[in-house]
Amino acid sequence: MNSKNSSRGRQAGRNSNPQEKNQFKKDFRKPKTNKPVQKKTEDTGIRLNKFISNSGICSRREADTYIEHGSVSVNGKLVTEMGYKVQPIDEVRFDGTLISMEKKRYVLLNKPKNYITTMEDDRGRKTVMEIIASATKERIYPVGRLDRNTTGLLLFTNDGEMAKKLTHPKHNVRKLYHATLDKKLTLSDLEKLRGDVIIEGRKVFIDAVSYVEGEKKNEVGIEIHSGRNRIVRKIFEHFGYNVIKLDRVVFASLTKKNLPRGRWRELTQQEINNLQMM
């Protein structure tokens, strides 16, 4: 009898206060710690070709070629591996020159006459870089070229991929010029310009050509997407005309609106978005 009671008592003692039992477990439970989730090193970096492109040197595709041919080193070691990831503390050199990822900059200039489109000139001539010298601390480059006597829109950027897109013929980037000729353009020659035009053995694609409305017949608007050197002047010379003035009034989706000759401005975010969607 006592044995049974004793057994019941022990059983009751174990189960009579479940709250105390749970509290006991709770008090001696190991505290949880919120450990920060550490990403793998290879997931935290940026691909080497993108790093080079962001530095303004070239496009990603071109960067792959340079990497493959041994032009790039990271922390003093040559890297030829495609997909290699650069960490924030890494030192990247391109042909021995230290490079860094810069903020993308886009500057539009209404180029005046008598400036050449080059970074510097050993003959001491004025360059477009002198005009935009105060535009940004990043090193930016002209996209394409305008010859010394041609005025109008010229874009500068350190965005290598965009520069490649805007200069490659396959993207058919629009370029509209206002040409002033040394004499009136005859109607027959205007019609010839609307047909097949062969310059230096190669066909030139003229998207549109017409007289400038409200002006004399020597004022002509011509739209092309070719990037060949001095191509507009050569087109008119082919038909016996000399170009006295040449002004680029549209480049891609950009216009000269509110941009006086010799002045520059940064692109708006909407303009940048439009160029990136081309």
Side-chain angles (χ1 to χ4, degrees), residues 59 61-62 108-118 121 125 127-128 141-157 161-257 259 261 271 274-278:
S59 68
R61 183 174 296 179
E62 290 172 324
L108 185 64
L109 169 69
N110 187 347
K111 177 188 172 295
K113 193 176 179 180
N114 293 325
Y115 281 82
I116 60 174
T117 307
T118 184
D121 182 58
R125 293 174 296 179
T127 75
V128 291
Y141 304 83
V143 178
R145 302 176 71 89
L146 290 178
D147 64 50
R148 184 178 182 182
N149 293 321
T150 300
T151 59
L153 294 177
L154 186 61
L155 179 65
F156 298 77
T157 186
E161 287 195 53
M162 181 179 288
K164 180 72 173 180
K165 180 189 294 185
L166 292 175
T167 53
H168 200 288
K170 76 175 182 179
H171 294 289
N172 296 330
V173 174
R174 184 189 184 203
K175 304 180 189 76
L176 177 60
Y177 295 86
H178 180 170
T180 302
L181 309 180
D182 61 339
K183 56 188 176 183
K184 293 180 181 180
L185 178 68
T186 66
L187 187 57
S188 61
D189 284 338
L190 179 63
E191 291 304 317
K192 291 176 184 177
L193 287 167
R194 290 171 175 165
D196 290 341
V197 179
I198 308 297
I199 305 294
E200 298 173 341
R202 294 166 58 192
K203 183 177 180 179
V204 178
F205 293 93
I206 300 174
D207 302 300
V209 60
S210 65
Y211 298 118
V212 175
E213 187 176 353
E215 300 291 342
K216 296 178 180 179
K217 299 303 183 184
N218 67 328
E219 303 285 338
V220 182
I222 181 168
E223 182 180 330
I224 63 171
H225 58 262
S226 171
R228 291 164 61 182
N229 188 37
R230 299 185 73 253
I231 191 61
V232 175
R233 296 181 186 276
K234 291 176 180 178
I235 289 170
F236 287 108
E237 288 169 1
H238 180 74
F239 291 96
Y241 300 87
N242 289 320
V243 177
I244 305 302
K245 294 180 183 179
L246 187 61
D247 188 39
R248 184 155 69 186
V249 296
V250 174
F251 178 65
S253 54
L254 306 172
T255 71
K256 297 198 304 177
K257 184 180 180 181
L259 187 61
R261 182 88 70 230
E271 288 173 326
N274 291 342
L275 292 177
Q276 290 173 337
M277 290 188 293
M278 290 184 60

Quiz item: How many angstroms lie between atom CZ of R174 and atom NE2 of H225, to the nearest 0.5 angstrom?
Solution: 13.0 Å

Quiz prompt | Atom pair NE2 (H171) and NZ (K164), whose distance is rounded to the nearest 0.5 Å | solution = 8.5 Å

Quiz prompt | Passing candidate, salt bridge (Lys or Arg N to Asp or Glu O under 4.0 Å) with D147, options K234, R248, R233 | solution = R233

Quiz prompt | Heavy-atom side-chain contact between L181 and V243 under 4.5 Å | solution = yes

Quiz item: Could you give the distance from NZ (K175) to CD1 (I222), rounded to the nearest 0.5 Å?
Solution: 12.0 Å

Exercise. For the residue pair E161 and S59, confirm or rule out a side-chain donor-acceptor distance under 3.5 Å.
Key: no

Quiz item: side chain to side chain contact (heavy atoms under 4.5 Å, CB included) with A163: which residues, sequence neighbours excluded?
Solution: V143, T157

Quiz item: Side-chain contact, heavy-atom cut-off 4.5 Å: F239 with T186?
Solution: no

Quiz item: Can we say E191 and R194 salt-bridge, meaning some charged N sits less than 4.0 Å from an Asp/Glu carboxylate O?
Solution: yes

Quiz item: With under 30° as parallel and over 60° as perpendicular, where do the rings of F236 and Y241 fit, or are they tilted in between?
Solution: perpendicular

Quiz item: So with a 6.0 Å cut-off around CG of D196, is the heavy-atom count from everything else above 12?
Solution: no

Quiz item: In Å and rounded to the nearest 0.5 Å, what is the OG1 to CG distance from T180 to N242?
Solution: 12.5 Å

Exercise. Mind listing the closest non-hydrogen atom pair of S253 and N274 along with its distance?
Key: OG-CB, 3.9 Å

Quiz item: Which atom pair, heavy atoms only, marks the closest approach of L275 to A252?
Solution: CD2-CB, 3.7 Å

Quiz item: Can you find a heavy atom in the side chain of V197 that is under 4.5 Å from one in the side chain of K203?
Solution: no

Quiz item: More than 12 foreign heavy atoms under 6.0 Å from NZ of K245: is that the case here?
Solution: no

Quiz item: Taking only residues two or more places apart in sequence, or in another chain, which ones meet R228 in a side chain to side chain contact (heavy atoms under 4.5 Å, CB included)?
Solution: I199, E200, R202, V204, S226, I231

Quiz item: Is K111 reaching over with its side chain to a backbone N or O of T150, donor-acceptor style, under 3.5 angstrom?
Solution: yes

Exercise. Sort out for me which residue in K113, R261, H178 forms a side chain to side chain donor-acceptor pair (under 3.5 Å) with D247.
Key: R261

Expected list for residues 210-217: side-chain donor-acceptor pairs under 3.5 angstrom, two or more places apart:
unit_1, atom_1, unit_2, atom_2, d
Y211, OH, L185, O, 2.7
Y211, OH, L187, N, 3.4

Quiz item: Shortest non-hydrogen contact from L146 to T117?
Solution: O-OG1, 2.7 Å

Quiz item: Looking only at heavy atoms, what is the nearest atom pair of L166 and V173, with distance?
Solution: O-CG2, 3.5 Å

Self-check item: Smallest separation among heavy atoms of V209 and L193, with atom names
Solution: CG1-CB, 3.9 Å

Quiz prompt | Nearest-0.5 Å distance, CG of residue L254 to CG of residue L176 | solution = 12.5 Å

Quiz item: Is the backbone N or O of L259 less than 3.5 Å from a side-chain atom of N110, with the two atoms forming a donor-acceptor pair by type?
Solution: yes

